[in-house]
Protein chains: 2
Amino acid sequence: MPLPQTEMPGRLQAYCAERGIRMTQQRRAILGVMETASKHLDAAQLLRKAQKLDASVDRSTVYRTLRLLKRQGLIDELDLMHIHGEGHYYERKLNRDHIHMACLRCGKIMEFVSDIFEKLKSQVEKDCRFRIVVSRLEIGGYCAHCSK
Amino acid sequence: MPLPQTEMPGRLQAYCAERGIRMTQQRRAILGVMETASKHLDAAQLLRKAQKLDASVDRSTVYRTLRLLKRQGLIDELDLMHIHGEGHYYERKLNRDHIHMACLRCGKIMEFVSDIFEKLKSQVEKDCRFRIVVSRLEIGGYCAHCSK
DNA sequence: ATCTCAACTGCAACCAGTTGCGACACGGGG
DNA sequence: CCCCGTGTCGCAACTGGTTGCAGTTGAGAT
Ligand SMILES: [Mn+2]
Ligand SMILES: [Mn+2]
Ligand SMILES: [Zn+2]
Ligand SMILES: [Zn+2]
């Protein structure tokens, strides 16, 4: 049961419209899933959820849409230390960059916002004269519970 | 032409010996390549170079050895913003962690060592009570030359 | 030096992600 | 409202990374 097209287009759809990106039935399904996902979906999960909204969605369309959203800077791609297999995870890019920590024992994923991270990025921009578009800090280790 | 086994075993082989890891003909070839690589090899390059030392080396052995070295903390795995395709890059882990920057236009890869990065990791360990084993900061953007 | 056996390997089948192609549908203009 | 052009889609073939298996080999013990 697809969302009514006229209501709640969601931010991602709005951003795409602003940028003149063509909106298709399949993209609506995929964006809808990304929009409402609690967190960190991999491509297979995204495909399954999108197919519940539009059964015709194909694997290749999911990957193509992920590439599009990545290029547009609307989502981030994560490894999460490849805790489960080899694939990547995706999440909506929010206002503030955050760090990801993955516990190598229990698999828990934690997020952390830090001013020092912002300072580090400024240092890179200044000292290396490098204009940052996207940044990813991922840490593997042991969470408070598992390091006891 | 394999290196003479008795000379210059290389640090990676030494580390493996210390840890009681069995040394095979194929691993010697692969470690030899990692040891002497200038930088950032992907799995296909590594396979080709290793096969020049030992033609019997198989794709699956390369991946299995990479997994071993990763688990042992002897190499780091990088995305380098997937500048070329989807795969991963590998490099010997050295004394000091460094940041990777990839230019989205010319593809140049830069490295940077920063005390602020070290401070950020300390903050994570303290504030999140998270024991860090491995960390990866990768940045995409435009290098000094390309951002003009 | 030889024996022994768990660890390792190549192989082939498998699975996840990519790509070329002809069909289709979004959405701007008439 | 319908037409049209082009961007997107599903499909199927392909590529790169993984895995189960049966044979091989490294290295410690005798
Ligand atoms: Mn990755
Ligand atoms: Mn490096
Ligand atoms: Zn944990
Ligand atoms: Zn550049």
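Given the structure is predicted, the values throughout are model-derived calculations rather than measurements. Worth knowing before you read on, the calculation uses all heavy atoms, side chains too, and leaves out hydrogens, waters and symmetry mates. Every chain is numbered from 1 and lettered A, B, ... according to where its sequence line falls, protein lines coming before strand lines.
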Got a list of protein N/O to nucleotides 14-20 of chain D N/O distances below 3.5 Å?
from   : atom 1 : to      : atom 2 : distance (Å)
D:dG17 : OP2    : B:Tyr63 : OH     : 2.1
D:dG17 : O5'    : B:Tyr63 : OH     : 2.7
D:dG17 : N7     : B:Arg59 : NH1    : 2.4
D:dT18 : OP1    : A:Glu86 : OE1    : 3.4
D:dG20 : O6     : B:Arg64 : NH1    : 3.4

Checklist outcome for this item: Across all chains, not counting sequence neighbours, the ring-ring contact (aromatic ring centres under 6.0 Å, His included) partners of A:His84 are none

Checklist entry - CD of A:Gln25 versus C1' of C:dG27: gap in Å, rounded? => result 15 Å

Next on the checklist: How many whole angstroms separate atom NZ of A:Lys70 from atom P of C:dT18?
Outcome noted: 7 Å

Item to check | With sequence neighbours excluded, residues passing side-chain contact (heavy atoms from CB on, under 4.5 Å) with B:Glu86 | outcome: A:His88

Checklist entry - Ion pair present between B:Arg92 and B:Glu35, side-chain N to carboxylate O less than 4.0 angstrom? => result yes

Next on the checklist: For a quick test of reading the model: is some side-chain N or O of A:Ser56 closer than 4.0 Å to OP1 or OP2 of D:dG10?
Outcome noted: yes

Checklist outcome for this item: note: A:His84, atom NE2; C:dC15, atom C1'; distance rounded to Å ~ 18 Å

Next on the checklist: From CG of A:Asp79 over to C1' of C:dA16, roughly how many Å is that when rounded to an integer?
Outcome noted: 15 Å

Next on the checklist: Run the side-chain contact (heavy atoms from CB on, under 4.5 Å) test against A:Glu111 and tell me which residues pass, sequence neighbours left out.
Outcome noted: A:Lys39, A:His40, A:Glu91, A:His98, A:His100

Item to check | By side-chain contact (heavy atoms from CB on, under 4.5 Å) - contacts of A:Gln51 (at least two apart) | outcome: A:Leu47, A:Val57

Checklist entry - What's the CE-C1' distance between A:Met23 and C:dG28, to the nearest Å? => result 16 Å

Checklist entry - Just to confirm, is there a sub-4.0 Å distance from OP1 or OP2 of C:dT9 to any side-chain nitrogen or oxygen of B:Thr24? => result yes

Next on the checklist: Can you list everything that forms a side-chain contact (heavy atoms from CB on, under 4.5 Å) with B:Gln45? Sequence neighbours excluded, please.
Outcome noted: B:Leu41, B:Asp42, B:Arg48

Checklist entry - Roughly how many Å is it from CG in A:Leu66 to P in C:dA16, rounded to a whole number? => result 16 Å

Please tabulate, for the side chains in residues 139-148 of chain A, all donor-acceptor contacts under 3.5 angstrom to protein atoms that are two or more places apart in sequence or on a different chain.
from     : atom 1 : to       : atom 2 : distance (Å)
A:Ser147 : OG     : A:Cys143 : O      : 3.0
A:Ser147 : OG     : A:Ala144 : O      : 3.4

Checklist entry - Between C:dG10 and B:Gln26, is there an OP1 or OP2 to side-chain N/O distance shorter than 4.0 Å? => result yes

Item to check | Distance in angstrom units between A:Gln13 CD and C:dC26 P, rounded | outcome: 13 Å

Next on the checklist: I need the CD1-C1' distance between B:Ile21 and D:dA27, as an integer number of Å.
Outcome noted: 15 Å

Identify all pairs in which a protein N or O lies below 3.5 Å from an N or O of nucleotides 3-6 of chain C, and state each distance.
none

Checklist outcome for this item: Between the CD1 atom in B:Ile109 and the CD atom in B:Glu138, the distance rounded to the nearest 0.5 Å is 8.5 Å

Listed pairs under 3.5 Å, donor-acceptor, residues 68-77 of chain A side chains, sequence neighbours left out:
from    : atom 1 : to      : atom 2 : distance (Å)
A:Lys70 : NZ     : A:Glu77 : OE2    : 3.1
A:Gln72 : OE1    : A:Arg19 : NH1    : 3.2
A:Asp76 : OD1    : A:Lys93 : NZ     : 3.4
A:Glu77 : OE2    : A:Tyr90 : OH     : 3.0

